[in-house]
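Report on the structure given below.
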Amino acid sequence: MKKSHVFDPKHIDVLEMEERRIWQNPEEILETIEIKPDFVAADLGCGSGFFTIPLSQKVKKVYAIDIQKEMLEFLEQKIQRLKIKNIEPILSKEDEIPLENESIDLLMSINTLHEFGDKERMIEEMGRVLKLYGKLLIVDFKKEDTGFGPPVAIRVSKVQAKSLFEKKGFTILESKDLVYHYLLVFSKENLG
């Protein structure tokens, strides 16, 4: 089994930097995908909740999933401070998503694809929890030196990512380049 590369929670302030909105604006990124108010969504690898909070304002419920207790504790404090009622933090184990089959309308995973130890297993898990025609939003670092972020060697290129998901039966709906990242939107249509 491949080793995962998990973000160190000691650097949580990096996830919360205001400058991050310049090159990775949650509102702009969320606008690239159709989101309905009755959606049940999941933020896989939610970290500090940088994307979870804006998503919670657009949907009925968000499962904020992370394998690090420290991240979820930080997010819990944010949720309480902001008095948000529709986010449920969930501690997960590596390579599994602790949700029911076909329970999610929208799953997003931001800056985490490179962290998954068993990428194929995680993509299967994403397919398992998504409803038929559910949407999947993936944003990750381009496989080039951006001056910050994970080592280039562990990054997954946009072409590789697209191939990994299509191989598991996802249909690509959108592909675009951001400043330091790429964005991919998939639909679960005929996972086999």
Side-chain angles (χ1 to χ4, degrees), residues 1-33 35 41-58 62 64-75 77-78 82 89 92 94-95 106-123 126 135-167 170 172-186:
M1 174 141 101
K2 292 181 183 155
K3 183 183 180 312
S4 62
H5 299 270
V6 179
F7 186 84
D8 187 341
K10 286 192 298 244
H11 303 298
I12 204 163
D13 56 323
V14 171
L15 301 178
E16 291 288 298
M17 291 185 319
E18 196 52 40
E19 303 91 87
R20 182 177 176 190
R21 291 189 186 286
I22 296 166
W23 47 265
Q24 197 172 49
N25 185 305
E27 285 77 14
E28 286 175 15
I29 287 172
L30 290 172
E31 281 175 14
T32 64
I33 191 164
I35 300 176
D43 184 359
L44 183 61
C46 64
S48 67
F50 191 76
F51 278 81
T52 314
I53 303 290
L55 178 61
S56 74
Q57 296 163 0
K58 298 175 179 292
V62 180
I65 303 167
D66 209 289
I67 63 170
Q68 298 186 82
K69 196 171 63 173
E70 301 91 336
M71 292 293 193
L72 294 176
E73 287 168 355
F74 181 89
L75 178 58
Q77 292 171 359
K78 240 169 131 171
L82 297 170
S92 69
E94 203 168 303
D95 300 333
L106 167 65
L107 190 149
M108 70 177 185
S109 191
I110 311 291
N111 300 343
T112 54
L113 186 58
H114 65 272
E115 292 188 358
F116 300 141
D118 187 341
K119 291 172 185 30
E120 291 198 5
R121 165 97 176 107
M122 283 308 294
I123 293 168
M126 292 175 188
K135 302 295 184 283
L136 175 61
L137 172 65
I138 300 291
V139 176
D140 215 323
F141 286 89
K142 294 177 182 174
K143 194 169 176 76
E144 60 189 51
D145 186 3
T146 51
F148 68 100
V152 176
I154 68 164
R155 297 183 188 194
V156 179
S157 74
K158 181 167 72 169
V159 171
Q160 284 174 292
K162 192 171 174 277
S163 172
L164 281 168
F165 285 94
E166 288 179 334
K167 195 166 82 176
F170 283 92
I172 184 86
L173 300 178
E174 181 157 1
S175 169
K176 70 191 268 185
D177 287 317
L178 306 171
V179 180
Y180 303 112
H181 301 79
Y182 56 82
L183 176 150
L184 299 169
V185 178
F186 296 95

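Only this structure's heavy atoms are used, side chains among them; waters, hydrogens and symmetry mates stay out. It should be emphasised that the depicted structure is a prediction, and the values quoted were computed from it without experimental measurement. One-based numbering along the sequence shown.
Although no hydrogens or angles enter the test, the distance criterion places a donor-acceptor pair under 3.5 Å between the side chain of K142 and the main chain of L178. Distance alone, capped at 3.5 Å, places no donor-acceptor pair between the D118 side chain and the D95 backbone. Not one N or O on the side chain of D43 forms a donor-acceptor pair closer than 3.5 Å with the backbone of G49.
A 4.5 Å side-chain heavy-atom check between M108 and L30 finds at least one atom pair inside the cut-off. Looking at L136 and L184, their side chains never come closer than 4.5 Å, going by heavy atoms from C-beta outward. Between L137 and I29 there is a side-chain heavy-atom pair separated by less than 4.5 Å. Between I123 and F186, every side-chain heavy-atom pair lies at or beyond the 4.5 Å cut-off. Contact of the T112 side chain with the L44 side chain is not registered, since no non-hydrogen atoms from C-beta on lie closer than 4.5 Å. Looking at L72 and C46, their side chains come closer than 4.5 Å, going by heavy atoms from C-beta outward.
I67 and S92 get closest at one heavy-atom pair: CG2-OG, 3.3 Å. Residues E27 and P54 come closest through the heavy atom pair OE2-CB, 3.7 Å. Between Y182 and A161, the shortest heavy-atom distance links the atoms OH-CB, 3.6 Å.
One finds the NZ atom of K158 at 10.5 Å from the NZ atom of K176 (value rounded to the nearest 0.5 Å). Within the model, atoms NZ of K135 and OG1 of T32 stand 12.0 Å from one another, a figure rounded to the nearest 0.5 Å. For the atom pair NE2 (H114) and CD1 (I154), the distance works out to 5.0 Å, reported to the nearest 0.5 Å. Atom CE of residue M126 and atom CD1 of residue I138 lie 4.5 Å apart, to the nearest 0.5 angstrom. Once rounded to the nearest 0.5 Å, the distance linking CD1 of I33 with CG of L55 reads 9.5 Å. A distance of 15.5 Å separates OH of Y180 from CG of D140, quoted to the nearest 0.5 Å.
A search for side-chain contact (heavy atoms from CB on, under 4.5 Å) contacts involving K143 returns V152, R155, S157, Q160, not counting sequence neighbours. Here K162 pairs with E166 under the side chain to side chain donor-acceptor pair (under 3.5 Å) rule; sequence neighbours left out. Residues satisfying the side chain to side chain donor-acceptor pair (under 3.5 Å) test with Q77, not counting sequence neighbours, are none.
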Problem set entry | Derivation and outcome, side chain to side chain contact (heavy atoms under 4.5 Å, CB included), residues L75 and I53 | CA-CA 9 Å; L75 178 58; I53 303 290; 4.1 Å; yes

For this session: Evaluate the criterion side chain to side chain contact (heavy atoms under 4.5 Å, CB included) for residue pair F116 and L164; output intermediate values, then yes/no.
Result: CA-CA 13 Å; F116 300 141; L164 281 168; over 6 Å; no

